[in-house]
**Student:** 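One structure, pasted below without further comment.
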Amino acid sequence: MSEFFGDWHALLVLLLAGVIPNQIWRMLGLWLGGGLDEGSDLLMWVKAVATAILAGVIAQILVQPPGALASVPGFLRYGALVVGFAAFMLTRRSIFAGVLCGEIFMLTGRWFLG
């Protein structure tokens, strides 16, 4: 079993340095945000900022694709954007559905192109 997991010391360091500090902030956010109204101005602002950040990342990936994505033709990247936006609008503005449909379109197109 040690061949599969490798050095258990590295896993322990990963757990202590990566997972535990992250979970502390998640639990604190859950505790502090538990009583907030979902329609409050603060949460609407947070949602707007998160959506703007996602839009900026998508725009940057379309215009200057990094790494292996640079080998995907532009028409396929922009087609995925159109499909993702259509899915976003058809699913009552679900960001998850839009990103998922766009990704599926791009992966399927890339698979067909070889």
Side-chain angles (χ1 to χ4, degrees):
M1 196 68 164
S2 66
E3 294 86 23
F4 181 73
F5 286 113
D7 187 19
W8 67 272
H9 293 97
L11 290 175
L12 183 63
V13 168
L14 181 65
L15 180 72
L16 292 174
V19 175
I20 292 174
N22 187 18
Q23 291 302 320
I24 290 170
W25 290 109
R26 285 176 176 232
M27 291 300 125
L28 185 62
L30 183 65
W31 179 65
L32 290 174
L36 290 177
D37 177 28
E38 290 184 21
S40 69
D41 289 339
L42 175 65
L43 288 182
M44 296 301 283
W45 178 80
V46 169
K47 184 177 179 182
V49 169
T51 303
I53 290 172
L54 180 62
V57 168
I58 290 171
Q60 184 177 9
I61 288 172
L62 281 172
V63 176
Q64 298 174 337
L69 192 59
S71 67
V72 176
F75 72 89
L76 193 55
R77 291 193 313 263
Y78 288 100
L81 174 73
V82 171
V83 168
F85 183 71
F88 171 76
M89 295 306 286
L90 290 172
T91 57
R92 294 189 217 139
R93 297 182 164 221
S94 169
I95 293 174
F96 177 74
V99 171
L100 183 66
C101 289
E103 186 70 24
I104 289 171
F105 178 84
M106 188 171 356
L107 289 174
T108 305
R110 184 68 179 142
W111 182 74
F112 277 119
L113 292 175

**Student:** Give the intermediate values and the outcome of side chain to side chain contact (heavy atoms under 4.5 Å, CB included) for residues L54 and V99.
**Tutor:** CA-CA 10 Å; L54 180 62; V99 171; 4.3 Å; yes
**Student:** If two hydrophobic side chains count as joined below 4.5 Å and joins carry through other members, does L81 share a cluster with F112?
**Tutor:** no
**Student:** Hey, is CG on D41 packed in by over 12 heavy atoms from elsewhere, all under 6.0 Å?
**Tutor:**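 Not buried by this count: 12 neighbours or fewer within 6.0 Å.
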**Student:** Does the side chain to side chain contact (heavy atoms under 4.5 Å, CB included) test come out yes or no for M89 and F85, once each step is laid out?
**Tutor:** CA-CA 6 Å; M89 295 306 286; F85 183 71; 3.8 Å; yes
**Student:** Taking C-beta and beyond as the side chain, do P65 and V72 meet within less than 4.5 Å on heavy atoms?
**Tutor:** no
**Student:** Just how far is it from atom CG of L100 to atom CZ of F88, taken to the nearest 0.5 Å?
**Tutor:**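 L100 CG to F88 CZ: 14.5 Å, rounded to 0.5 Å.
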**Student:** Are I104 and F75 joined in one hydrophobic group, where the rule is that I, L, V, M, F, W and Y side chains link up if heavy atoms are under 4.5 Å apart?
**Tutor:**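 I104 and F75: separate clusters.
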**Student:** Of the non-hydrogen atoms in D37 and L43, which two are nearest, and what is the gap between them?
**Tutor:** O-CD1, 3.4 Å
**Student:** Answer yes if V83 and V57 sit in the same cluster of Ile, Leu, Val, Met, Phe, Trp and Tyr residues linked by side chain heavy atoms under 4.5 Å apart, and no otherwise.
**Tutor:** yes
**Student:** Do L69 and P66 come within less than 4.5 Å of each other through their side chains, counting heavy atoms only?
**Tutor:**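 In contact.
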**Student:** Kindly compute the distance separating CD (Q23) from CG (L30), expressed to the nearest 0.5 Å.
**Tutor:**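 Answer rounded to 0.5 Å: 10.5 Å.
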**Student:** With a 4.5 Å cut-off on side-chain heavy-atom distances among I, L, V, M, F, W and Y, is there a chain of contacts connecting Y78 to I58?
**Tutor:**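 Y78 and I58: one cluster.
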**Student:** Mind checking whether S71 and R110 have side chains closer than 4.5 Å, heavy atoms only?
**Tutor:**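 SC-SC contact between S71 and R110 confirmed.
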**Student:** Which heavy-atom pair separates R77 from M106 by the least distance, and what is that distance?
**Tutor:** CG-SD, 4.3 Å
**Student:** Working note: L76 + F105, criterion side chain to side chain contact (heavy atoms under 4.5 Å, CB included); need CA distance, chi angles, decisive distance, verdict.
**Tutor:** CA-CA 8 Å; L76 193 55; F105 178 84; 3.9 Å; yes
**Student:** Are L107 and W111 close enough, and set up right, to give a side chain to side chain contact (heavy atoms under 4.5 Å, CB included), and what steps lead you there?
**Tutor:** CA-CA 6 Å; L107 289 174; W111 182 74; over 6 Å; no
**Student:** Quick check on the hydrophobic clustering: are L62 and I95 connected, directly or via other members, by side-chain heavy-atom contacts under 4.5 Å?
**Tutor:**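 L62 clusters together with I95.
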**Student:** Which heavy atom of A87 sits nearest to which heavy atom of T91, and what is that distance?
**Tutor:** O-OG1, 2.7 Å
**Student:** Assess whether atom CD of Q64 is packed by more than 12 heavy atoms of other residues, nucleotides or ligands within 6.0 Å.
**Tutor:** no
